[in-house]
Amino acid sequence: MELDDAYANGAYIEGAADYPPRWMASAEDFRNSLHDRARLDIPYGAGTRHRYDLFLPESAPLGVLVFVHGGYWLNFDKSTWSHLAVGALARGWAVAMPSYDLCPAVTIADITQQVAQAVQAIAGEVDGPIALAGHSAGGHLVARMLDKAVLPAEVGKRIRTVVPISPLSDLRPLLRTSMNQKFNMTAEDAAAESPVEMQNRYDADVTVWVGGAERPAFLDQAIWLVEAWDADHVIAFEKHHFNVIEPLADPESDLVAVLTA
């Protein structure tokens with residue numbers, strides 16, 4: 001399909017195959033280090049993947065950061081990213097990471113509803129403000145949480161900050177990729193699930209974060225959301241699609257500062 005190369009990340013990242021096993025090892029080490037401050041596999045729904053992990057700071061949480069993973073709605077689960085909680089935890093925030101069902105077993109619209117269900121469950125567990133961060137497809141999903149038709153007001157109004165990281169904000173170009181054989185989206189589906197088309201949104205601070213060394217398609221996707229929402233825009237110098245999320249593990253990073261301000 002004509003846009004397959006435009007949305008191919010790994011082919012343009014040196015050592016791309018080394019990233020997932022390194023992420024998984026770091027995530028497992030981190031979970032083991034937290035002991036009873038890691039509450040794992042908390043259900044938010046009936047499905048086997050409808051689970052989230054909750055990592056707690058040493059004192060009462062100042063709020064909760066929900067991180068939603070990417071993988072083009074086709075890959076990964078919560079267990080690969082646990083170590084990215086380090087930054088917000090060190091600043092006194094709880095961090096929750098949900099899994100969700102994957103395409104083609106479900107649609108992207110189904111995944112949006114599952115993440116909304118997870119956010120509601122997490123909001124019931126941790127008091128205070130909610131910050132949302134998501135990477136790639138996860139960036140799409142956290143942006144969708146500001147749709148007033150997706151989350152009830154008692155939860156949506158608690159969302160203080162949303163940071164879509166290298167997000168997919170307009171799904172219509174993906175109709176011209178071979179991935180759509182698994183997404184099974186129509187043009188109407190893609191428009192309905194595109195954050196750039198969202199009008200009735202909860203009021204939250206939104207910063208669209210993207211790596212300066214990303215594929216042009218992802219630089220475009222980021223600026224489209226910035227322009228549609230009049231959001232803040234950060235281009236992370238020399239970061240590509242895989243390492244752009246690494247500052248989440250650094251308590252002193254600008255990314256963590258934005259999320260926990």
Side-chain angles (χ1 to χ4, degrees), residues 3-27 29-30 65-76 80-91 93 95 97 131-143 161-170 173-174 177 179 195-196 205-261:
L3 292 185
D4 278 359
D5 185 68
Y7 284 91
N9 288 302
Y12 293 89
I13 294 173
E14 184 177 355
D18 298 333
Y19 277 87
R22 188 161 64 242
W23 290 331
M24 293 181 70
S26 295
D29 288 345
F30 169 76
L65 166 63
V66 182
F67 175 78
V68 181
H69 72 82
Y72 276 124
W73 310 275
L74 297 169
N75 296 293
F76 298 118
T80 304
W81 319 96
S82 311
H83 58 294
L84 299 179
V86 169
L89 273 184
R91 287 177 171 255
W93 283 59
V95 179
M97 298 188 180
L132 304 177
H135 176 231
S136 197
H140 157 267
L141 292 164
V142 296
T161 306
V162 179
V163 180
I165 304 169
S166 305
L168 291 152
S169 61
D170 189 337
L174 299 179
T177 71
M179 289 184 290
V196 295
D205 293 329
V206 179
T207 299
V208 182
W209 205 280
V210 67
E214 300 250 13
R215 300 284 288 138
F218 278 90
L219 295 171
D220 288 344
Q221 288 275 352
I223 195 66
W224 294 339
L225 187 57
V226 169
E227 292 174 347
W229 288 15
D230 193 23
D232 290 335
H233 188 201
V234 173
I235 301 175
F237 183 62
E238 292 187 342
K239 294 293 187 181
H240 55 62
H241 196 72
F242 286 2
N243 63 12
V244 69
I245 55 176
E246 290 176 349
L248 287 170
D250 178 4
E252 303 303 317
S253 72
D254 292 340
L255 180 53
V256 171
V258 167
L259 284 163
T260 60

message: Run the side chain to side chain contact (heavy atoms under 4.5 Å, CB included) test on Trp209 and Leu259 for me, step by step, so that the C-alpha distance in whole Å, both residues' side-chain angles and the decisive distance to 0.1 Å come before the verdict.
response: CA-CA 11 Å; Trp209 205 280; Leu259 284 163; over 6 Å; no
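- Pairing each heavy atom of Ala137 with each of Gly71, the nearest pair is CB-N, 4.4 Å.
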- request: Verify side chain to side chain contact (heavy atoms under 4.5 Å, CB included) between Val95 and Trp81, making sure each step is shown before the conclusion.
  value: CA-CA 11 Å; Val95 179; Trp81 319 96; over 6 Å; no
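- Two residues are said to be in side-chain contact when any heavy atoms from C-beta on lie closer than 4.5 Å; Asp5 and Arg215 meet this criterion.
- Nearest approach of Trp93 to Leu65, heavy atoms of both residues: CE3-N, 3.8 Å.
- Of all non-hydrogen atoms in Gly70 and Phe76, the two that sit nearest each other are O-CD1, 3.7 Å.
- Interatomic distance, Trp73 CH2 to Ser136 OG, rounded to the nearest 0.5 Å: 7.0 Å.
- The shortest heavy-atom contact between His140 and Leu168 is CB-O, 3.1 Å.
- Residues satisfying the side-chain contact (heavy atoms from CB on, under 4.5 Å) criterion with Val256, sequence neighbours excluded, are Arg91, Ser253, Thr260.
- Annotation: side chain of Leu84 is in contact with side chain of Ile245 (closest heavy-atom distance under 4.5 Å).
- In this pair, His241 and Phe218 present their aromatic rings tilted. The plane angle is within the 30 to 60° band.
- At a threshold of 4.5 Å between non-hydrogen side-chain atoms, the residues Val163 and Leu255 count as touching.
- With a 4.5 Å cut-off on side-chain heavy atoms, Thr177 and Tyr72 do not count as touching.
- A heavy-atom distance below 4.5 Å is found between the side chains of Ile165 and Leu248.
- Atom CG of residue Leu225 and atom CG of residue Asp220 lie 13.0 Å apart, to the nearest 0.5 angstrom.
- Looking only at side-chain heavy atoms (C-beta outward), Ile223 and Glu227 come within less than 4.5 Å of each other.
- Thr80 contributes no side-chain N or O that, together with a main-chain N or O of Met24, makes up a donor-acceptor pair within less than 3.5 Å.
- Taking the side chain as every heavy atom from C-beta outward, Val206 and Pro164 approach each other to under 4.5 Å.
- At least one donor-acceptor pair closer than 3.5 Å links the side chain of Gln221 to the backbone N or O of Asp170.
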- prompt: Yes or no on side chain to side chain contact (heavy atoms under 4.5 Å, CB included) for Leu132 and Val68, after CA distance, side-chain angles and deciding distance?
  reply: CA-CA 8 Å; Leu132 304 177; Val68 181; over 6 Å; no
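- A distance of 14.0 Å separates OH in Tyr12 from CD in Glu214, rounded to the nearest 0.5 Å.
- Trp229 places none of its side-chain heavy atoms less than 4.5 Å from the side chain of Ser169.
- Closest non-hydrogen pair, His135 versus Phe67, comes out as CB-CZ, 4.1 Å.
- The two residues Ala236 and Val244 have their closest heavy-atom pair at CB-CG2, 4.4 Å.
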- request: Any chance you could lay out the ring-ring contact (aromatic ring centres under 6.0 Å, His included) test for His240 and Tyr19, step after step, and finish with the verdict?
  value: CA-CA 12 Å; His240 55 62; Tyr19 277 87; 5.6 Å; yes
